[in-house]
Each structure stands twice: as structure tokens, then as C-alpha cells.
Number of protein chains: 2
Amino acid sequence: MTTTTSPRVLEHPTRDQIRLEEVLHALSDAVRLRIVRDMAREDTELSCSYFDLPVTKSTTTHHFRVLRESGVIRQMYRGTAKLNCLRRSDLDALFPGLLDSVLAAAGAQAGREGEEGTA
Amino acid sequence: MTTTTSPRVLEHPTRDQIRLEEVLHALSDAVRLRIVRDMAREDTELSCSYFDLPVTKSTTTHHFRVLRESGVIRQMYRGTAKLNCLRRSDLDALFPGLLDSVLAAAGAQAGREGEEGTA
DNA sequence: GCCGTACTACGATGAGTATCGTACGAGCAT
DNA sequence: ATGCTCGTACGATACTCATCGTAGTACGGC
């Protein structure tokens, strides 16, 4: 054993460390917005591989980290899988209505364009 | 006369050209968020020089352009001054509740930190 | 033990951007 | 006309970031 000190522990900002600018920045990317939208639709914990994203796995990891470090999602390990869920209660407490209006806006915009294949 | 063709006309996206990702990105910068907050508080058209920002004039121009090109504000010339106003109705129509919740969130966060000098 | 799956870490790269300084143009006042 | 103020344009710079490929680690099944 090489004392790998495998952290296997993921850093999350506490509720009062979450900054509005960073949340908005995290949501201002199409890939991440789609992740958040999918996560809001299913209301359970989802593994990273659940999402069928048009980017490689490296990039997917990057986007999930941005979401986690900005406080939008919470991630935890479960064996080899990593489960993700929205930090709804934290976000709603800090920024009431923000997440809902962003999700509604994203849905409306997706509908306005030709993206209804995700029924 | 050198046919300067001074455009003096500012390009704005039409309502249906406004993209959520770009709006969120425009709002994800501290300087721009502050501009939008000030603009929402006063509900009239404000000149660029009204805002006392911690950046140079060049940078200010840049930020106003980002806001305009993303569809968040509307700008027009009035003599030498350039007046700015929020595109509230367009944003509310496209993304109901979004602007209000962002403004509320920005206000709440500013209050949480030590920024109440703008009474 | 060995292999496969799930995800990460690291390095590279190309694009975007926040910032500045300086120089310029447009309009107003005198 | 001269000068002043407001804002823009352009170039430079340094930083961030979205993306990828490759190599590696952690866990579970065989």
C-alpha cells in the first residue's frame, strides 16, 4: 500500500460560501445548463454516465466539477459511480426563485428551438 | 470630409435572438451585475458616466457592450451621452421571473456582505 | 489475482475575455 | 475655432476556460 491518501471526498462550498456570480457563470454554459435541466427533471441522484452529452468524458468531468464548486450540485461516491443531485434547498434559500426561473427559461428556450426529443 | 460613416447606430439583438446562456453569462460578472442592479433601482435611462465603477473607461465600454449584445440593456445616443436602460419587458417575456430573482438575489447577497453604502 | 467500468488528473491547445493605455471622434459650450 | 467631456477603437496582455487525449486510480465482478 502506497498510502495513496485517495481523498474520495469531494469539496463542496457551504451554503454561505455560494456566490451568485459563480452560480450564474456555472449556468451560462449550454452543456451545464442541460445537465442541470436533466437533473431537475429526474428528481433522484443520477450518475455522471446517465447524461448523454456531446463532449468527451474529460470535459464532462470538468463541467460537473464547475457545477459542484459553484454550489449548484452535490456529488458523492457510491462505489465506482458518482452520484449527482441539485442543491435545491440551498439555492432556494439563498436565491429564492432563481433556480426555478432559470429552469423554466431553459425549458422555454429549448421548446422555442427544435429540441423536444427529450420527452 | 473623410466620409467617416460614423455609425452612431448600436446593434441590438431582437427579442427572439436573445439567448439564455448569454444573458446568464452577461450577469455572471460582478461589474456588470452591479450595473444592472443600479439600472434596475433607478428606473430611468442612465448615462454610462452615472455609474461609478472600479474600472477604467475602456473597460466600462466593454462591459456595457456585453450587456447590450446579450440583450440585457438597450443603449441609445443622446448628444454626447449614451443612455442605458434595462430591457425589462423583453426579458420578462422571454424568461419570466428571471430578472427579478437575479436582482433580488444580488440585493440579498450584497446585503449579506458589507455593501449597504448605496442607500 | 485479473479485467472491465467509471471516473479523475495532467498536460496541451485554442478561443474567449477582463483589463489597461493611448489615440481618436462626436457633440456641446464658449 | 478651440477646447472640453463623453464615449469608442485599437492594440496589448494576462488570465480563464472549454475542449481534447492519454494515462492513471478506485471499485466491483469473475
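The sequence lines fix the lettering, A, B, ..., with proteins before strands; numbering per chain opens at 1.
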Base, sugar-phosphate, or nothing for A/Tyr77, non-hydrogen atoms under 4.0 angstrom? sugar-phosphate
Does B/Thr80 have a side-chain nitrogen or oxygen under 4.0 Å from the phosphate oxygens OP1 or OP2 of C/dA26? no
Could you state the atom-to-atom distance from CD of A/Glu21 to C1' of C/dT17 in whole Å? 17 Å
Quick one: A/Glu22 CD to D/dT16 P, roughly how many Å, whole number? 12 Å
Considering residues, nucleotides and ligands other than A/Glu11, do more than 12 of their heavy atoms fall under 6.0 Å from its CD? no
Between D/dG7 (C1') and B/Met76 (CE): distance, integer Å: 16 Å
How close or far is atom C1' of C/dT19 from atom NE2 of B/His62, stated in whole angstroms? 8 Å
Output yes when at least one side-chain N/O atom of B/His63 is less than 4.0 Å from OP1 or OP2 of C/dT19, else no. yes
Contact between A/Gln109 and B/Arg19 at the side-chain level, heavy atoms closer than 4.5 Å - yes or no? yes
Counting any heavy atom closer than 4.0 Å, what does A/Arg78 reach on the DNA or RNA strands: base, sugar-phosphate only, or nothing? nothing
Of the listed nucleotides C/dT17, D/dC20, D/dA18, the one nearest the side chain of B/His25: C/dT17
Taking only the side-chain heavy atoms of A/Thr56 (C-beta and beyond), determine which of C/dT19, D/dA18, D/dG21 contains the nearest atom. D/dG21
Do A/Thr56 and A/Thr59 have side-chain atoms, one donor and one acceptor, less than 3.5 Å apart? yes
Figure out the CG/C1' separation between A/Leu27 and D/dA18, and round it to whole Å. 16 Å
Between D/dG7, C/dC7, D/dA18, spot the one nearest the side chain of B/Lys57, thanks. D/dG7
Which nucleotide wins on minimum distance to the side chain of B/Ala81, given the candidates C/dA18, C/dC20, D/dG7? D/dG7
Which residue pairs pass the ring-ring contact (aromatic ring centres under 6.0 Å, His included) test when at least one of the two sits in residues 39-61 of chain B, sequence neighbours left out? B/Phe51-B/Phe64
For C/dA9, does either OP1 or OP2 sit under 4.0 Å from a side-chain N or O belonging to A/Arg65? yes
What does A/Thr60 touch in the nucleic acid at a heavy-atom separation under 4.0 angstrom: a base, only the sugar-phosphate, or nothing? nothing
Would you call A/Leu46 and A/Leu83 a side-chain contact if the rule is heavy atoms closer than 4.5 Å? no
Whole Å only: how far is the CZ atom of B/Phe64 from the P atom of C/dT17? 18 Å
Rounded to the nearest Å, what distance is computed from the CG atom of residue B/Leu46 to the C1' atom of nucleotide D/dG7? 16 Å
D/dT5 phosphate, OP1 or OP2: any side-chain N/O from B/Ser49 under 4.0 angstrom? no
Presence of donor-acceptor pair under 3.5 Å, side chain of A/Ser58 and base of D/dG21: yes
Whole-Å distance separating the CD atom of A/Glu69 from the C1' atom of D/dA18: 15 Å
